[in-house]
Every structure is written in structure tokens, then in C-alpha cells.
Amino acid sequence: GGGTGLGGGAALEDAAANQGLTVRAYIVDQFRKLSNAYRAGADKGTGARMHGSGRSDAREYHYKQVCAALEHLSDSPDWAELEAIGTQRHGVGGKTIAKLRELWDTGRLGRVDEFSNNPEQVARELLIKVHGIGQSRVVELVRQGVRTISDLRQRTDLSPQTSIWLKYHDQLEQPIPRDHIGEVRDRIGAVASRIDPRLKAIACGSYRRGKMESRDMDVMLILRGAGPGSTEHLEVMARIVPELHADGLLTDDLTTPGKFPQFGKKTAARVTTPSVVQAENSIAYMGICIVGGVHRRLDLRCYPEHQEAPALLHFTGSGDFNRFMSRAANARGFTLSELGLQPSVIKGPAERVPSGPHLELHSEAHIFEILRLEYKDPSERRDKIDVIDSTTGRPFFQTRESRTALPALTDTSRLQAHHPAAIT
DNA sequence: AGGCAAATACTG
DNA sequence: CAGTAT
DNA sequence: GCCT
């Protein structure tokens, strides 16, 4: 490789030092900016048809994978180490290596500068963080001249959820200390067991992955003893949310408890939704709570006990880890979701259909075992490199050879011989 | 050229 | 139904 | 943008 000329990475070291970051953290930050930029509609929000337009979603995805790969670098990689990830990491190709080279030589990425010099792009990246503003609305708002949060507050056409979120904008941006999440879980747990002693509360998300700080709180309620066919867990949310308001924990709802399926005016319409008809789904609540004087985002869900393992796995994440564990499941002939694991087959283009019953899942470890993946502790569930094929001991997605479907595993009858209690 | 995870709930 | 969110 |  190169890197032996004048500079030898000095520009990159300077750029990182200027921001008080390690070289690795700086590089990751640059690529994170690209991912965020594409999420916010870079190359397609301007109306100008640039090269590569229409691929924003895929590029956002791509740069997330690049960031995940780069996280594994040492603090101060030399050029050889940077260049090597092109061959070592699945998902890092020529264009990415060229960008790394650009960083190495100049300390900057022209693409990032391009975006940050574009006021509309900057505005889109800011506004898309607001609850209720997504990839479509943000383009329209910015086209109409909205540039700042203050601009947004002037609008009279905001959804109630967006208005609520804006009330607490500053607080919601602050990271949540780990202790506060444990406290909220305990308070919810206390209220829950008063409502029904079979309920237990578990904090998931990054809290369960061991992080000291989180973006929001994700609490799961499990209704112990509830199995397939039970619908009791569907009533829990409508009962507990008013209690949590009375308790002083909740301050605002982003989903409206009055409209939960079994209550309120919309009951008739909601009766046809899958969650009520199939009685196998969860009901989710989104709201704002207050802990230690600061408002925080809270997500609450309730599942019957027979779905505890897949739900726990799903809501513990990380998102990247879920994504690749699902892909591994697909490669093994299964579909994995928070509701369960079931054999499935590809039918037609981009369509996968169930080919057997949900399996009984005793624990998270059981799911890994069925999929022949190495069990990973929550703290180790970061990205695709953590999804390990236990038949080879290698990452499922690192190299072509490491990916081996096991046709026998898709044989449901054989599977059920090992796991006789498949459920429907 | 087609895929890139998957499933569900709420709003307007 | 499209958009947003998880 | 990268992989199959």
C-alpha cells in the first residue's frame, strides 16, 4: 500500500485530534455522517438528479455496515490496517477504501464537506431526528423553507406527537443514565404486579446490552403463564397506562391509550386487526415519562410468556445484530421475528412464506442453538461480526465460505424430533 | 439485476 | 393507503 | 455501495 509519502496519515491524525477523538472514532464519525446524510435524503431531496440518486436507502444501510466494520479498528490504525479491512470485512469495497485513502491523505471526506455546505441537507439531517418527521416529510418541510427547530415550532400543521416531542426536545436529546432505566423498570414492575401478579417487567434495548447510557427506555412486560391462544396480555397496556399516569411516571402519550383495541371509539374498527384476531401479537405503548426531573422516551410492550424468548432477543438488539441474525435465520430456512421462529421458504421474487409452525422457544440461547449460531451475551450483540456460525466458528457474513446453509435444519419433522413441542 | 430483516401499530 | 415509528 |  501507500501512505509512505509526505504526511503519512498526519492530516488524519490532526483532524482527529482537533475534535478530541481517536483516529478510529474520527473515521467512524465521518462515515456515520454519510449514513445519516443518505437517511436524510442526500442526493434525492434536492430535486437535482445526481449520480447514484434513488439509492439513498441502500447507501444508508451500506455506510452503517462500514461503520460497524470500522469500529473494530485499533485506536490509531496505520494505512495497512485500513486497507486490509477491504479484504477482511464483508461489505467494505473499493469505493470505501478510496474514501479511507482520502481521509488518510487529507483528513477530510469531500462528500461529507459537500453535504455540510448544503444548508438544505443540514436542515434535513436536523429535522429528521424529530419524532413524527421521516424521510418523506423532511423533504417537503425543507423545500418549504423550514431550517431549524424554531422554524418547525412555528408550524400549525404539526401532529400531536411531534408537538409533544418538541415540548421536551432538549431533554429527550440527553442520554439516559443506566440507573434511571432500572428505576423506571422497577416502578413499572411494581404497578404491573399490582394489576396482575403474573406480570414481570424487563428492561431491554441498550440497557440490557450493558450500556451505561441509552437513548430511550425499552421495557417489556411478560405475562407469566400465558400461552398460545391467550389474549389476556392484550388488555394489559390499557390497564397499566392510566396507573402509570396516576403514579406520576408518565407525563405524555405518543400513542393514545383511549384507542387501544379493546377500548374507545375505534373498537369496532380495531377488532379486525391481526393483534386482536390472532391473539398472538403484542400491544405497544410509546410515551414520555419523567425520571430524576428529566423527561424521557419510554416504550412499553406486553407479551405472553411463550413469546418471551424471541421478544427479548428482538428488543435487546442491537438493530444491526437483529438484522443479521434474521438474515442468518433466512439462510437456514427460517423466519425470525419478535413473535417467534418458524420454517419458511422463498416463494417468488422477494417473498418468503411460512412452511411450518412456530417452534417452541425456551430461551434466547435455544434460538441460537436451533439456528446453529454461537450464543452471544447481550453485551456482545453489536453487529454482523457477532453473528457466528457455530458449525465453522466463523462470522456468518465475513466470507463467502463461512456461509453454509444447513438444508437438514429446514426439515421440520426432523427438527420437531429434537424440539417436539412446536406450536401453531 | 435484485437484494439489503421483519412485523406491527398508529395517524391523517 | 402512505408515512412514521418501534 | 456491496454482494451474489
Side-chain angles (χ1 to χ4, degrees), chain A residues 31 34-35 38 43 51-52 54-66 69 86 89-99 111 128-140 157-162 165 204-205 215-218 220 234 237 253-261 264 266 269-270 273-278 280-287 297-301 303 307 310-311 313-315 317-331 334-342 344 346 349-352 354 384 387 397-400 403:
Chain A
F31 281 93
L34 291 179
S35 182
Y38 284 109
D43 282 9
H51 93 282
R55 283 234 190 313
S56 291
D57 294 351
R59 286 190 181 174
E60 175 202 349
Y61 170 86
H62 160 70
Y63 283 118
K64 274 173 76 174
Q65 299 330 303
V66 170
R89 301 289 178 179
H90 184 97
V92 179
K95 297 272 194 76
T96 299
I97 296 300
K99 287 184 175 65
R111 180 70 82 176
I128 204 171
K129 294 181 190 164
V130 175
H131 188 100
I133 297 178
Q135 296 188 321
S136 178
R137 281 263 283 161
V138 79
V139 168
E140 181 58 16
D157 59 348
L158 300 177
S159 69
Q161 295 96 314
T162 297
W165 195 92
C204 300
R215 230 185 88 268
D216 57 12
M217 315 192 186
D218 203 344
M220 201 164 77
L234 297 173
M237 217 51 73
D253 302 323
L254 293 170
T255 56
T256 53
K259 291 180 184 172
F260 285 160
K266 294 202 172 182
R270 297 305 165 88
T273 64
S275 61
V276 175
V277 170
Q278 297 175 6
E280 274 206 348
N281 302 303
S282 64
I283 290 215
Y285 166 82
M286 286 187 268
R297 275 279 291 109
L298 171 71
D299 292 324
L300 193 56
R301 311 181 151 72
Y303 291 89
Q307 290 180 157
L313 179 66
H314 184 90
F315 291 108
S318 68
D320 270 5
F321 183 84
N322 285 353
R323 188 174 252 192
F324 285 95
M325 191 152 167
S326 287
R327 285 179 67 176
N330 288 347
F334 291 91
T335 297
L336 175 65
S337 80
E338 75 274 32
L339 304 176
L341 178 66
Q342 66 185 139
S344 66
I346 294 171
E351 204 187 357
R352 189 170 258 282
K384 64 180 175 183
V387 179
F397 297 97
Q398 185 153 21
T399 69
R400 182 200 302 219
R403 229 185 312 178

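By convention in this document, chain letters (A, B, ...) are assigned in the order of the sequence lines, proteins followed by strands, and residues within each chain are numbered from 1.
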Relative to the ring of A:Y38, is the ring of A:Y63 parallel (under 30°), tilted (30 to 60°) or perpendicular (over 60°)?
->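 Taking A:Y38 first and then A:Y63, their aromatic rings lie parallel (interplane angle under 30°).
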
Distance check: side-chain N/O of [X] vs OP1/OP2 of [N], anything under 4.0 Å?
X	N	answer
A:R301	B:dA9	no
A:K64	D:dG1	no
A:T96	D:dC2	yes
A:Y61	B:dA5	yes
A:N330	B:dA6	yes

I want to verify a distance call: between [options], whose nearest atom is closest to the [X] side chain?
X	options	answer
A:R297	C:dT4, D:dG1, C:dT6	C:dT6
A:R137	D:dC3, B:dA6, C:dT4	C:dT4
A:D299	D:dC2, C:dT6, B:dA7	C:dT6
A:S337	C:dA5, C:dG3, B:dA6	B:dA6
A:R327	D:dG1, B:dC4, C:dT6	B:dC4

Rounded to whole Å, how long is the line connecting atom [atom1] of [X] with atom [atom2] of [N]?
X	N	atom1	atom2	value
A:E60	D:dC2	CD	P	16 Å
A:H90	B:dG3	NE2	P	16 Å
A:Q135	C:dG3	CD	P	10 Å
A:L300	B:dA9	CG	C1'	14 Å
A:R323	B:dA6	CZ	P	10 Å
A:W165	B:dT11	CH2	P	19 Å
A:H314	C:dA5	NE2	C1'	12 Å
A:I97	D:dC3	CD1	C1'	15 Å

Work out which heavy atom in [X] is nearest to a heavy atom in [Y]; give both atom names and the distance.
X	Y	result
A:T255	A:A284	OG1-O, 4.3 Å
A:R323	A:Q65	NH1-NE2, 4.1 Å
A:D157	A:R137	O-NH2, 4.0 Å

**Request:** Keeping the roles fixed (side chain from A:R297, backbone from A:G287), state whether a donor-acceptor pair exists under 3.5 Å.
**Result:** yes

For A:L34, is there any backbone N or O sitting under 3.5 Å from a side-chain donor or acceptor partner on A:R111?
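Checking the backbone N and O of A:L34 against the side chain of A:R111, no donor-acceptor pair under 3.5 Å is found.
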
Is [X] touching bases, backbone alone, or none of the nucleic acid, heavy atoms closer than 4.0 Å?
X	result
A:Y63	sugar-phosphate
A:V130	sugar-phosphate
A:L336	sugar-phosphate
A:M325	nothing
A:G319	nothing

Self-check item: Whole-angstrom distance between C:dA5 and B:dA5, as gauged at atom C1'
Solution: 16 Å

